[in-house]
Amino acid sequence: MAKASLSKLSLYLAVSAGAYFVGEAIAKHGLSANQAVKLVCDQFKPRGPIIGTWVMEHAMRYPDHDRLTYIYHGGFRQQVGYDLLEYEFIVDRKTGEIIEVTQIENDAAD
């Protein structure tokens, strides 16, 4: 019994240390493009399934008041009820802040 508890504790400590180092890497280098997509999609998933995503792989400069910010620009489609909605987003690479999410109007004829 004590051996099983020790193994669980060791596993917990290893996972915690791994999460700490991943968090440190993000703090130093910022988010990856895929992490930015996941961050946005996790916020929208409760509304309905995400059908597809895209993101520019390289961060772009984005003027943000008095400072220069590097952002990821991407988008996704989401099924909400019977509607398929499209969105574009901008995420701050360094902080992970979702700066903007815009719904794209569907101009298709009914």
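FYI, the numbering just counts along the sequence from 1. What's counted below: heavy atoms across the whole structure, side chains too, no hydrogens, waters or symmetry copies.
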Worksheet item: Shortest non-hydrogen contact from Glu57 to Tyr72?
Response: O-CE2, 3.6 Å

Worksheet item: Who passes side chain to side chain donor-acceptor pair (under 3.5 Å) against Glu100, sequence neighbours left out?
Response: Thr102

Discussion item. If I compare all heavy atoms of Ile50 with all of Thr53, which pair ends up nearest, and what's the gap?
Written reply: CG2-CG2, 3.8 Å

Worksheet item: Apart from Ile71 itself, what residues make up its hydrophobic cluster when side-chain heavy atoms of I, L, V, M, F, W and Y under 4.5 Å apart count as a link, directly or indirectly?
Response: Met60, Tyr62, Ile90, Ile99

Worksheet, complete the sentence: What one should report as the nearest heavy-atom pair of Ser32 and Gln35 is N-OE1, 2.7 Å

Discussion item. Under the rule for salt bridge (Lys or Arg N to Asp or Glu O under 4.0 Å), what residues qualify as partners of Arg77, not counting sequence neighbours?
Written reply: Glu86

Worksheet item: Which value, rounded to the nearest 0.5 Å, describes the distance between Leu31 atom CG and Asp92 atom CG?
Response: 8.0 Å

Worksheet, complete the sentence: Connected to Leu84, directly or through other members, by ILVMFWY side-chain contacts below 4.5 Å are Ile51

Item to complete: Report yes or no: does Gln79 contribute a side-chain atom to a donor-acceptor pair with the main-chain N or O of Gly81 at less than 3.5 Å?
Response: yes

Practice prompt. Give a yes or no on whether Val55 and Ile98 share a hydrophobic cluster (residues Ile, Leu, Val, Met, Phe, Trp, Tyr; joining criterion: side-chain heavy atoms under 4.5 Å apart).
Written response: yes

Response to the item:
To the nearest 0.5 Å, atom CZ of Phe44 lies from atom CZ of Phe76 at 4.0 Å

Worksheet item: Of the options His58, Arg61, Lys94, which is the one that meets Tyr70 in a side-chain contact (heavy atoms from CB on, under 4.5 Å)?
Response: Arg61

Practice prompt. Sort and list the pairs that fulfil salt bridge (charged side-chain N to carboxylate O under 4.0 Å, His left out) and have at least one residue in residues 30-44, not counting sequence neighbours.
Written response: Lys38-Asp42, Asp42-Lys45

Fill in: Gln78 side-chain N/O to Leu85 backbone N/O, donor-acceptor pair under 3.5 Å
no

Worksheet item: Quick one: side chain to side chain donor-acceptor pair (under 3.5 Å) partners of Glu97, sequence neighbours excluded?
Response: none

